[in-house]
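One structure is given here, and the rest of the page talks about it.
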2 protein chains.
Amino acid sequence: MTTIRDVAKKANVSVATVSRVLNENGYVNEDTRKRVQEVIQELNYKPNAVARSLFKKESKTIGFIVPDITNPFFPALVRSVEDYINQKGFTIILSNSDENPEKEKHYLDIMKQKYVDGVIMVTNTLDHEQISTYSMPIVLLDRPIHADVPSVFVDNRLGGRLATEHLLKQGCQRIAHIKGPEKVINADDRYQGYLDVVGKLPWFSKQYIVSGNYDKNTAMEVTKKLLQNHPEIDGIFAGNDMMALGVLKAAEQLGIKVPEQLAIIGFDDIDLTEMTSPELSSVAQPVYEVGKKAAEMLIHLIEGKNLEKKQYIFDVELMERKSSKRL
Amino acid sequence: MTTIRDVAKKANVSVATVSRVLNENGYVNEDTRKRVQEVIQELNYKPNAVARSLFKKESKTIGFIVPDITNPFFPALVRSVEDYINQKGFTIILSNSDENPEKEKHYLDIMKQKYVDGVIMVTNTLDHEQISTYSMPIVLLDRPIHADVPSVFVDNRLGGRLATEHLLKQGCQRIAHIKGPEKVINADDRYQGYLDVVGKLPWFSKQYIVSGNYDKNTAMEVTKKLLQNHPEIDGIFAGNDMMALGVLKAAEQLGIKVPEQLAIIGFDDIDLTEMTSPELSSVAQPVYEVGKKAAEMLIHLIEGKNLEKKQYIFDVELMERKSSKRL
DNA sequence: TTGAAAGCGCTAACAC
DNA sequence: GTGTTAGCGCTTTCAA
């Protein structure tokens, strides 16, 4: 490894001068600047980021903690964040938490030790207090925790309403909901949206709500049972697309025609909604925008700027496809 | 931030002693050890990883460069690598290269500057020489470049053969192939496997081979044209699952029944093969094993151990599902 | 405009 | 067993 000393020696200047041309600050004679730059080229010198970090107490690295990158909702988010922060000169340390608070804390500790400049995370297990303990810029994605913690997410309740209203408009008479995990806030909001629309209807019953854990296989199992017990159900709003895929599968296995006998709509609008047959209706989140905004906020925070708002809530959009079209 | 000095001062010992208990090396009296540990607890002291890195010239971080995390094949790989290296005390810096050699080099530079201990990458644009320039442990995933560069991948040619033979056994008389991108080695190997099986058959024609760029939309377009020009085609081997999904879609749009009129098989066996209708046959890669092995090799290299083999080639497995079952 | 030197927080000789 | 100290590679006062 060639160091700043090597460059200094070869260019007949002090390390301070080299540092000055490197960072383009402080006065430096045009000629010596050129000479130094030539030597840098010649030696293919690349400054040591670790040494720099140690001094500056920053690393040009941010952490990104997701529950599980294997869940198709997250890669797009990661990509969007990377695209943004990368152009600002940052890199991402990625970790999977499995929604486990111990892992989350563990990774936050490690990231802090590595001087990451900030972290973006998707969590609902950590509370406001625990988060502020870390005293570093943190922005929450997808799931808000507290009005004081910077966060960006979508209007899940509205989404739940849109989805359910849509099914109603398509003529569904008995609409069930496959709900996400208990402790996940957005799952609850989507559920509330569903309630907003059908909770007061005469046919409504809590029996039409089952839990699918945001997971396709679980959703398939519970849906099969649900439909066997309640053959009158003619519409299902699944809390996310993975579960909607499970619902689709369940219908297929039971020989129920979609959308004729059963209209289905999911949430998130992940890429494969268009690959199923029939194509899956969904409530789309502006994933790329959401990720970008989170990245923007984090960079702002890191640069010590003030945030205009602590929370950004994006709108969702109904994507009507074949799985729910009966008209 | 509390430092090792703070701990030393409060525990009435030197920083060296604190360092000793921290790293569990060197002699240290049991009593003082306890005292130091208490202070560490009390102050919630966490050693500064950057300072440590600077001294040790290692960072307990590895780089992982993938073409695009948004491609559903990669998240599982990332996950598997993370699971392994994490338990060895490492974290991952993730970057998307978009198959762009400039980006790849850029990220490798940055990673090197950050003292990553090694990198795992999926590439086919960099050659042996360029890679060795970086003089740090690098292992290649999914696509081998050169026998001298440590790499792990699957027997793609065998996979191509298995897929094609399977279609033949199912009674297909005219089998087409949707090929991956030109420069991607595994795409070519899969294609070779296809040729091994049908290249010498009387009906064979180069017209049955089209390029789909590993992408579902492209694949859908080219497949539509292909099937319109060659209605005699009754079997398609797609170079990966995303393209197979496109083929499925194309068939649907043309009103061609799968598998009765057209048998389809993909490659990779990504998660959603089971979610389509009909379920998609595929050639499965042991993704988790592949990722794990790459991580293992990298850690070995980092620890200065010798590799038993430079290349690990995993077997693939035929997954027969509805999209290709005609018997 | 440039250089000398202190120091970021840690580890590992080396001395005691 | 424990402490002193040099040094990892860099940036930034401060002085010249």
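- Applying the side chain to side chain donor-acceptor pair (under 3.5 Å) criterion to Lys60(B), with sequence neighbours excluded, gives no partner residue.
- A heavy-atom distance below 4.0 Å to DNA chain D is reached by these residues of residues 27-44 of chain B, ordered by number: Tyr27(B), Val28(B), Asn29(B), Thr32(B).
- Under a 4.0 Å N-O distance rule, the pair Arg79(B)/Asp83(B) qualifies as a salt bridge.
- The interatomic distance linking Lys56(A) (NZ) with dG9(D) (P) rounds to 19 Å, in whole Å.
- Side-chain contact check for Thr125(A) and Glu104(A): at least one donor-acceptor pair (N or O, by modelled atom type) lies under 3.5 Å.
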From CA spacing to verdict: side-chain hydrogen bond (donor to acceptor under 3.5 Å, both in side chains), Lys88(B), Asn86(B): CA-CA 5 Å; Lys88(B) 295 281 182 179; Asn86(B) 193 47; over 6 Å; no

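- Taking every nucleotide of DNA chain C with any atom under 4.0 Å from a non-hydrogen atom of chain B, the first and last of them, 5' to 3', are dG9(C) to dA13(C).
- In DNA chain C, the stems built from three or more successive Watson-Crick or G-U pairs (distances below 3.5 Å) are C:1-16 with D:1-16.
- Of the residues in residues 7-21 of chain A, those placing a heavy atom less than 4.0 Å from an atom of DNA chain D are Ala16(A), Ser19(A), Arg20(A), in numerical order.
- At whole-Å resolution of the value, CD in Glu24(A) and P in dT12(D) are 13 Å apart.
- Look at CD on Gln113(B): it is 13 Å from C1' on dG9(D), rounded to the nearest Å.
- We find that CZ of Phe55(B) is positioned 10 Å from P of dG9(D), with the value rounded to whole Å.
- Under a cut-off of 6.0 angstrom, the local environment of CG in Asp271(A) is sparse, with at most 12 non-hydrogen atoms contributed by other residues, nucleotides or ligands.
- Every side chain to side chain donor-acceptor pair (under 3.5 Å) that Tyr115(A) has, sequence neighbours left out, goes to Asn48(B).
- The cationic atom of Lys309(B) (NZ for Lys, CZ for Arg) lies less than 6.0 Å from the six-membered ring centre of Tyr312(B) and within 45° of the ring axis.
- Using a 4.0 Å cut-off between a side-chain N of Lys or Arg and a carboxylate O of Asp or Glu, Glu42(B) and Lys10(B) qualify as a salt bridge.
- Judged by distance alone, the side chain of Ser80(A) and the main-chain N or O of Tyr288(A) form a donor-acceptor pair under 3.5 Å.
- A donor and an acceptor atom, one from each side chain of Thr91(A) and Lys114(B), are located under 3.5 Å apart.
- Here Lys305(B) does not pair with Glu296(B) in a salt bridge; the nearest charged N to carboxylate O distance is not below 4.0 Å.
- Electrostatic pairing of Arg35(A) and Glu38(A) does not count as a salt bridge here, judged by no charged N lying under 4.0 Å from a carboxylate O.
- In this structure, Asn25(B) places its CG atom 15 Å from P of dG1(D), rounding to the nearest Å.
- A cation-pi arrangement is not found for Lys292(A) relative to Tyr84(A), the charged atom failing to lie both closer than 6.0 Å to the ring centre and inside a 45° cone about the ring normal.
- Rounded to whole angstrom, the span from the CD atom of Glu58(B) across to the C1' atom of dG9(D) amounts to 16 Å.
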